[in-house]
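Data first, discussion second: the structure below is written as structure tokens.
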Amino acid sequence: MSAESAVRRIERTPPAEIERVRKWIFTEEYREKNFARQALVVNPAHACQPLGAEMVAHGFKDTLPFVHGSQGCASYFRSTFNRHFREPAPTVADAMTEDGAVFGGQNNLFEGLENAYSLYKPKMMAVFTTCMPEVIGDDLTAFIKNARLQGHIPADFPLPYANTPSFNGSHINGYDAMLKSILETLSAGHQSQGGDNGRINLIPGFDANTANYREYKRMLKAFDVPFTLLADISDAFDSVNDGTYRPYPGGTPLEEAAEVLNGKATLALQKYSTVNTLKWLSEAAQGTVESLAMPIGIRNTDAFLLKLSELTGKPVPEELKAERGRAVDALTDGHQYLHGRKFALYGDPDYLLGLVGFLLELGARPWHVLCSRTTRKFEKEMKALLETSEFGRGCTVYINRDLWHLHSLLATDPVDGIIGDTHGKYLARDHSIPLFRVGFPIIDRINLHRLPLIGYTGTLNLLTQLANRFLDIQDETCEDQWFEMMR
């Protein structure tokens, strides 16, 4: 064989063919082929289970997230949080490698638990799995029992754990599994036989907006009732910069979480990310256990505050009523810039329900609603929500679809704007429409997680973000004779 024939020459695609394909992927024909695919996922709008589990662990005081799996997986979770919050995410892993994949990861777990306990001195470690131990069938229950028996970790040290396979479910399932395990572990032996303790337990769900947690706490404080926020990441991922590094800033106090079953009531504001936790609480807790829609927009916030009023027996505070009035006034001033505009939305199911309700209040149209990992129950609920308003007429819901499916929707049935996380920026550029960054992760802009989206204040923030961007576009694209001082 000659040297020339042994070399495989690069075949360059002709520019004309590239242009032909570029135009073709914007056609109805391509959309049909795109929606016919089943085995391939392109740019899904969700993360994996252990990432959600880690966020729960960060929400409890003096708690160290512990990854049973490879170091690479732990680095992925940490770097994603680093990029979204611009804050450290202290986490450890038992660093399983090839030998662990063959012989199991028990020895890795033993050594990791012992070292982490000695070096970082947490008051609790939350253990969760990645793909490798799940694929080989590591028995986490037995491993942790053996770790205690062999003295690698004290017998009374709280060590909640959850199986969170990355290849199944999404980050909200991992959040649910870890939260349930932590509450079960901490509350064991703390259930009172008497009356409730008068506290309101509030579960925000998987919410990577730290300002939302502070807004929840502010509204609850306005009612002047004792409460416990589960799990509170506001300080963990939005801590002060005063020259002192704190590995465990803030978080829900463990002693408060231990009393979760004795609360007067428990409210979850993301039912799809707390399914199993709510089921367990409904069976074990003494007080009322309910779920509400995320309080995004006027109607959902009204429902949240009225429920708090019902549970506490106290009227809605005047300061919150005044905030409502200002938000309604702002919506009246700004709805003209959003009325009738079409939006494509993607993200987590609970966030989508809240955002769609907000858009309908404005007279905007949530034209394409896409959730890349959810259930038929969500699809049915979303369609029912759209049917409550004339502005939901003609809007469509797509479940278990990805952002490349959304590309075809935008190409063949255009909208005025996209609402979702950073992953939608390529779609926004390809289709020359604005992206309004909401959700997780947001890694190409700063400080958005410090602006609340819930409550009347969040309503005002969302309205301002959407309306002003469309006014910017109008100024940037209009002809000179329409470039006006007043809009």
Practice item. Taking all non-hydrogen atoms of both residues into account, name the closest pair between Y272 and P349 and its distance. Key: CB-CG, 3.7 Å
Review point. Under 3.5 Å, is there a donor-acceptor pair between the side chain of D94 and the main chain of G112?
Key: no
Practice item. Give me the ring orientation class for F77 and F128: parallel if the planes are under 30° apart, tilted from 30 to 60°, perpendicular past 60°. Key: tilted
Review point. Hey, does the side chain of S273 reach the backbone of G205 with a donor-acceptor pair shorter than 3.5 angstrom?
Key: no
Practice item. Give the intermediate values and the outcome of side-chain contact (heavy atoms from CB on, under 4.5 Å) for residues V67 and Y76. Key: CA-CA 11 Å; V67 181; Y76 157 61; over 6 Å; no
Review point. Do H58 and T91 come within less than 4.5 Å of each other through their side chains, counting heavy atoms only?
Key: yes
Exercise for review: Would you confirm whether N209, through its side chain, and L451, through its main-chain N or O, come within 3.5 Å as a donor-acceptor pair?
Suggested key: yes
Study note, to complete from the structure: Between the CG atom in L261 and the CG atom in L186, the distance rounded to the nearest 0.5 Å is 10.5 Å
Exercise for review: Could you tell me whether E387 and K383 make a salt bridge, using a distance below 4.0 angstrom between a side-chain N and a carboxylate O?
Suggested key: no
Practice item. For T129 and Y161, run side-chain hydrogen bond (donor to acceptor under 3.5 Å, both in side chains): C-alpha distance rounded to whole Å, both residues' side-chain angles, the deciding distance at 0.1 Å, then the answer. Key: CA-CA 8 Å; T129 56; Y161 60 93; over 6 Å; no
**Study point:** Reference residue S372; test side-chain hydrogen bond (donor to acceptor under 3.5 Å, both in side chains); the match among R401, H405, H46
**Key:** H46
**Study point:** Near-ring test F227/Y216, centroid separation under 6.0 angstrom
**Key:** no
Practice item. Give a yes-or-no answer on whether the side chains of E134 and N163 include a donor-acceptor pair shorter than 3.5 Å. Key: yes
Check your understanding: Are side-chain heavy atoms of V127 and L113 found at a separation under 4.5 Å?
Key -> yes
Point to revise | side-chain hydrogen bond (donor to acceptor under 3.5 Å, both in side chains) evaluation trace for Y456 with D302 | key: CA-CA 9 Å; Y456 303 125; D302 287 352; 2.5 Å; yes
Practice item. Would you mind reporting whether L308 and V316 have side-chain heavy atoms less than 4.5 Å apart? Key: no
Review point. Okay, side chain of N43, backbone of L403: is any donor-acceptor separation there less than 3.5 Å?
Key: no
Review point. Taking it one step at a time, do L406 and Y398 satisfy side-chain contact (heavy atoms from CB on, under 4.5 Å)?
Key: CA-CA 9 Å; L406 185 57; Y398 300 89; over 6 Å; no
Point to revise | Flag if over 12 foreign heavy atoms under 6.0 Å of CD, E111 | key: no
Check your understanding: Going by atom types only, do E215 and T457 share a side-chain donor-acceptor pair under 3.5 Å?
Key -> yes
Check your understanding: Among side-chain atoms of Y120 and D62, is any donor-acceptor pair under 3.5 angstrom?
Key -> no
Exercise for review: Given salt bridge (Lys or Arg N to Asp or Glu O under 4.0 Å), test R148 with D156 step by step and report yes or no.
Suggested key: CA-CA 9 Å; R148 294 190 190 280; D156 59 349; over 6 Å; no
**Study point:** Side-chain donor or acceptor of D421 paired with backbone N/O of G347 under 3.5 Å
**Key:** no
Point to revise | Residue pair S234 / K217, side-chain heavy-atom distance below 4.5 Å | key: yes
Check your understanding: Heavy-atom distance under 4.5 Å between the side chains of F66 and P122, does that happen here?
Key -> no
Exercise for review: Evaluate side-chain contact (heavy atoms from CB on, under 4.5 Å) for E256 paired with R199, printing each intermediate quantity in order.
Suggested key: CA-CA 10 Å; E256 287 187 16; R199 300 184 75 86; 3.3 Å; yes
Check your understanding: Out of curiosity, L159 CG to I182 CD1, how far, rounded to the nearest 0.5 Å?
Key -> 10.5 Å
Review point. Within the distance-only criterion (no hydrogens, no angle test), does the side chain of Q191 pair as donor or acceptor with the backbone N or O of A284 below 3.5 angstrom?
Key: yes
Point to revise | L269 side, atom CG; N212 side, atom CG - distance, nearest 0.5 Å | key: 10.0 Å
Practice item. Go through the side-chain N and O atoms of T277 and D176 and say whether any donor and acceptor fall under 3.5 Å apart. Key: yes
Review point. Are any non-hydrogen side-chain atoms of T80 and F440 less than 4.5 angstrom apart?
Key: yes
Exercise for review: Might you confirm whether atom OH of Y426 has over 12 heavy atoms from other residues, nucleotides or ligands at distances under 6.0 Å?
Suggested key: no
Point to revise | Donor-acceptor contact present, side-chain S181 to main-chain A177, <3.5 Å | key: no
Check your understanding: If we only count heavy atoms from C-beta on, is the H171 to R373 side-chain gap below 4.5 Å?
Key -> no
Practice item. Carefully, step by step, assess I203 and L281 under the rule side-chain contact (heavy atoms from CB on, under 4.5 Å). Key: CA-CA 12 Å; I203 305 177; L281 283 168; 3.9 Å; yes
Review point. Between the side chain of T252 and the main-chain N/O of A231, is any donor-acceptor distance below 3.5 Å?
Key: no
Review point. Which residue pairs satisfy the salt bridge (Lys or Arg N to Asp or Glu O under 4.0 Å) criterion with at least one member in residues 450-460, sequence neighbours excluded?
Key: E87-R450, D238-R450
Check your understanding: Between H449 and F237, does the ring centre distance come in under 6.0 Å?
Key -> no
Check your understanding: Only one of Y213, Y175, Y351 forms a side-chain hydrogen bond (donor to acceptor under 3.5 Å, both in side chains) with D207, so which one is it?
Key -> Y351
Exercise for review: Quick one: which residue pairs count as a salt bridge (Lys or Arg N to Asp or Glu O under 4.0 Å) with a foot in residues 439-449, not counting sequence neighbours?
Suggested key: K425-D444, R437-D444
Exercise for review: Decide if atom CG of L40 counts as having more than 12 heavy atoms of other residues, nucleotides or ligands within a radius under 6.0 Å.
Suggested key: yes
Show the atom names and distances, to 0.1 Å, of all donor-acceptor pairs under 3.5 Å that link a side chain in residues 290-301 to residues at least two apart or in another chain.
{"unit_1": "E290", "atom_1": "OE1", "unit_2": "K307", "atom_2": "NZ", "d": "3.1"}
{"unit_1": "E290", "atom_1": "OE2", "unit_2": "K307", "atom_2": "NZ", "d": "3.2"}
{"unit_1": "N300", "atom_1": "ND2", "unit_2": "M294", "atom_2": "O", "d": "3.3"}
{"unit_1": "N300", "atom_1": "ND2", "unit_2": "I296", "atom_2": "O", "d": "3.3"}
{"unit_1": "T301", "atom_1": "OG1", "unit_2": "P295", "atom_2": "O", "d": "3.1"}
{"unit_1": "T301", "atom_1": "OG1", "unit_2": "G297", "atom_2": "O", "d": "2.7"}

Check your understanding: Are W404 and V41 close enough that some pair of their side-chain heavy atoms sits under 4.5 Å apart?
Key -> no
Practice item. Answer yes or no: is there a donor N or O on one side and an acceptor on the other, between the side chain of H68 and the main chain of P133, under 3.5 Å? Key: no
Review point. Distance from E361 atom CD to T459 atom OG1, nearest 0.5 Å?
Key: 7.0 Å
Exercise for review: Can you establish whether the number of heavy atoms outside Q150 located under 6.0 Å from its atom CD is more than 12?
Suggested key: yes
Check your understanding: Is the backbone of A45 close enough, under 3.5 Å, to the side chain of D402 for a donor and an acceptor to pair up by distance?
Key -> no
Point to revise | Neighbour count above 12 (heavy atom, 6.0 Å) for N241 CG | key: no
